[in-house]
Protein chains: 2
Amino acid sequence: MGILNGMRVVEGSAFVAVPLAGMTLAQMGAEVIRFDRIGGGLDAGRLPLAPSGRSLFWAGLNKGKKSIAVDMKSPEGRELITRIVTAPGEDAGLFLTNLRVRGWMDYETLSQHREDMIMVTLTGDRHGRPQVDYTVNPALGIPDITGPEGYADPVANALPAWDLISGNLVVASLLAAERHRLRYGTGQNVDLSLKDVAAATLGHLGMIGDAVVNDAPRQKSGNALYGAYGQDFLCADGTRVMVIGLTDRQWRGLVKATGSEDAMSVLERQSGKSLGDEANRWALRDQISALLRPWFAARSLADFADDFDRQGLTWSVFRTVKEAVAQDADLSAQNPMFEILDQPGLGRFPVPACPAEFSEALRDAPVRAPSLGEHTEEILSEVAGMDFSEIARLFDKGIVATGDAALGQAA
Amino acid sequence: MGILNGMRVVEGSAFVAVPLAGMTLAQMGAEVIRFDRIGGGLDAGRLPLAPSGRSLFWAGLNKGKKSIAVDMKSPEGRELITRIVTAPGEDAGLFLTNLRVRGWMDYETLSQHREDMIMVTLTGDRHGRPQVDYTVNPALGIPDITGPEGYADPVANALPAWDLISGNLVVASLLAAERHRLRYGTGQNVDLSLKDVAAATLGHLGMIGDAVVNDAPRQKSGNALYGAYGQDFLCADGTRVMVIGLTDRQWRGLVKATGSEDAMSVLERQSGKSLGDEANRWALRDQISALLRPWFAARSLADFADDFDRQGLTWSVFRTVKEAVAQDADLSAQNPMFEILDQPGLGRFPVPACPAEFSEALRDAPVRAPSLGEHTEEILSEVAGMDFSEIARLFDKGIVATGDAALGQAA
């Protein structure tokens, strides 16, 4: 039983942030119901796809949820969603969304059906304008400081970092609001935007202050660790490694492991700067790297890997995702977080559970994502409290669907 | 009063993830006590720095916390931390850390002093080996898919995304564990690792499945939006913009706004592929961009910006961080999330509050970070319950410090 066992959350969502939030809650043991329009939501076919054409992305971000497919253009479909979102239950009445629907699906309307409901809405920006990770990131300047030193153009992240950060903050916000309800009995509306999360994060990292009070802004610095020492090196066998000298201990360990004590002393004398100071390591990073480069260039990974580990260095090897999945035990079933699942239409591969382990709760094994509308009947019966004839009527009228019909395909 | 008003959390931490977690809780209204060794923790001088030499980074990630400086090498100092972490209070006994200290500071030992305490520990990897964002990222392959198409080398993120994601998951984990305690009265130990968070995220995004079931792995694709359509373009005035055609609606809007209907129809006929399908937009992205590029190259930003906004397009302008801070109202005091604070030794700039707005709680205005040991006396008195003579003795013996002494400097 997961740590949130008993909680029920309803999710009306698409793409990364809110689906991730719902999935995190599901992997912590909550019952999470995602509703979609018949035919699938905006992210139903998002890449990457399996050879079958099914979305690996959707399967990844909707694991362990229950799915209901509803015709939301019909008043009856909307009424149904309202009923499910506001269904009774001490640990229910929790709604997550990034679909900004005014009227029937906004907090004012829904809370008329359940006064103590909690709704968390993630929008693009605080004005309600559409923004995605790929537009927020350039607007805030991250691509300008990403990439090889001296490279003229901005370089975007391959990772939708703002979505992922926001998704976890949606989880925290829901739990904070639910904690408040447990104590005071009141529900509430919670709003946040992707751009505000990103803007706040820039502030948290000191980057807004840096931009205002310092003349020389941060520039691209390739693969260097910003602000102290950390650099990538090519080894004799073509392997690329990342080594870190962020803390004094890490720095001294790196110097010792590479036998660079004398060379670094000379650099300190020549520069008049102590490398015990992280800002000096940052300022002298090119000189430091020039001293270390021949050491790595003369060695293959196997020549130093065990020694680096034994000495407790902070370092890693650059890989492709394919190599990481094939080679790293932490991305395999050897890591108790992963289980190999054989998912219909997708294939057999390691699927992660929740990264957090709670000593008072079992870590739920990862559960595959539902097919669209897989739990339509169950939800109508158990959550909406409908009887067989009502449910049959909704299916007959095409207000709800399951199986091929939910996918918008002829049976 | 913030949504978590009344909660007390103790934090023993350094760098990004756990300080961010504590700060998020503080900005939601919790009392968060960060303890550090006298002279400051590992991140006390982390870049960026203000011209005074003070860390903008530390100030950003410790906003609104209380600070106590303790000599943790002394048994008495350790006893003091134990007393603070396990101090009574219904909403206390909550401890966050990324300092892996065996013995006096582990869950087994601390929970002997307060049975229902909750401790959340973030480690580097699940084996307890040191890992930082800069090593986890290359190990999992993200730099291999980041950067300009065809560029040979891996490109690292400028943003410590895994730290930021993990920090928010630490918040969610603490709140989930505290919810469990509210219901069942039991505390617990919660463990997670930076590398597991990253590995799970790869799985959630479908990238592990992609690496296993597909032959052609994802490659670098420059600034393109992965998997659908989204691209950056240079305008006549040198401005670079990002435009998005992720959803059908966004795509149709972009085609209409640029008057490209006919050109796209020709491309559809020539390729035999419908651009209504996002996978086709991804496959044909270079051809699409070739058709759109002259449109942007012939126009300055001012020629189309208002029109794009009016039509509800999803788009943005590339900026430097400095430009974003200077030009974007969302990063200024015009955004109620920000307040201009004048921070001693740092300067005057916009400081963010919590991005989430709770209708049942005030959004606490951002509060500057404490100076090291600023609250030492208050915490000893109010949390550890010590009287004046006990506190004076601890200061005299150098077990605790405040002011210049906390910074490890002569007064």
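The basis for the numbers below is simple: all heavy atoms, side chains too, and nothing from hydrogens, waters or symmetry mates. Proteins get letters first, then strands, A, B, ... in listed order; numbering begins at 1 in each.
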Quick one: which of [options] has the most heavy-atom pairs under 4.5 Å with chain A, could you say?
options	value
B:Met207, B:Arg129, B:Lys63	B:Lys63
B:Pro143, B:Ala176, B:Gly230	B:Ala176
B:Thr24, B:Leu49, B:Leu246, B:Val212	B:Leu246
B:Ala177, B:Gly60, B:Gly147, B:Ala14	B:Gly60
B:Ala161, B:Gly6, B:Ala200	B:Ala200
B:Asp277, B:Asn189, B:Val243	B:Asn189

### Task
Report yes or no: does A:Asn168 contribute a side-chain atom to a donor-acceptor pair with the main-chain N or O of B:Ile165 at less than 3.5 Å?
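Yes.
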Contact class of [X] relative to chain B, heavy atoms under 4.5 angstrom:
X	result
A:Ala59	neither
A:Trp162	side chain
A:Glu278	side chain
A:Ala224	backbone
A:His180	side chain
A:Leu4	both
A:Leu202	side chain
A:Asp215	backbone
A:Ile244	side chain

Do [X] and [Y] come close enough that some side-chain heavy atom pair is under 4.5 Å?
X	Y	answer
B:Pro48	A:Arg218	no
B:Pro138	A:Arg319	no
B:Tyr151	A:Pro148	yes
B:Asp144	A:Phe318	no
A:Pro130	B:Trp315	no
A:Gln188	B:Ile3	yes
B:Met7	A:Arg179	yes
A:Pro355	B:Arg126	no

Options [options], ranked by heavy-atom pairs under 4.5 Å with chain B, top entry:
options	result
A:Ser359, A:Gly141, A:Gly227, A:Ala324	A:Ser359
A:Gly53, A:Gly209, A:Pro19, A:Gly203	A:Gly209
A:Arg348, A:Gln27, A:Glu178, A:Gln343	A:Glu178
A:Asn335, A:Val213, A:Thr186	A:Asn335

### Query
Step by step, would you call B:Asp210 with A:Phe57 a side-chain contact (heavy atoms from CB on, under 4.5 Å)?
CA-CA 9 Å; B:Asp210 186 33; A:Phe57 173 94; over 6 Å; no
### Query
Is atom CZ of A:Arg249 surrounded by more than 12 heavy atoms (other residues, nucleotides or ligands) closer than 6.0 Å?
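Count not over threshold, so no.
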### Message
The test is side-chain contact (heavy atoms from CB on, under 4.5 Å); show your working for A:Val16 and B:Leu205 and say whether it passes.
### Response
CA-CA 8 Å; A:Val16 178; B:Leu205 294 172; 4.2 Å; yes
### Message
Could you measure the distance from the CG atom of A:Leu225 to the OH atom of B:Tyr134? Nearest 0.5 Å is fine.
### Response
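Here the interatomic distance stands at 4.5 Å.
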### Task
Please name the residue in the list A:Thr146, A:Asn157, A:Asn223, A:Val155 that meets the side chain to side chain contact (heavy atoms under 4.5 Å, CB included) test with B:Asn157.
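For B:Asn157, the side chain to side chain contact (heavy atoms under 4.5 Å, CB included) check succeeds only for A:Asn157.
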### Query
A:Leu140 pairs by side chain to side chain contact (heavy atoms under 4.5 Å, CB included) with which of B:Val325, B:Leu331, B:Leu159?
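Single side chain to side chain contact (heavy atoms under 4.5 Å, CB included) partner of A:Leu140 among B:Val325, B:Leu331, B:Leu159: B:Leu331.
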### Message
One pair to check against side-chain contact (heavy atoms from CB on, under 4.5 Å): A:Arg183 and B:Leu182. What are the steps and the verdict?
### Response
CA-CA 10 Å; A:Arg183 302 192 157 222; B:Leu182 280 173; 2.9 Å; yes
### Query
Should A:Glu357 and B:Asp196 be marked as a side-chain contact (heavy atoms from CB on, under 4.5 Å) after you check the CA-CA gap, both sets of side-chain angles, and the distance that decides it?
CA-CA 11 Å; A:Glu357 271 203 283; B:Asp196 269 5; over 6 Å; no
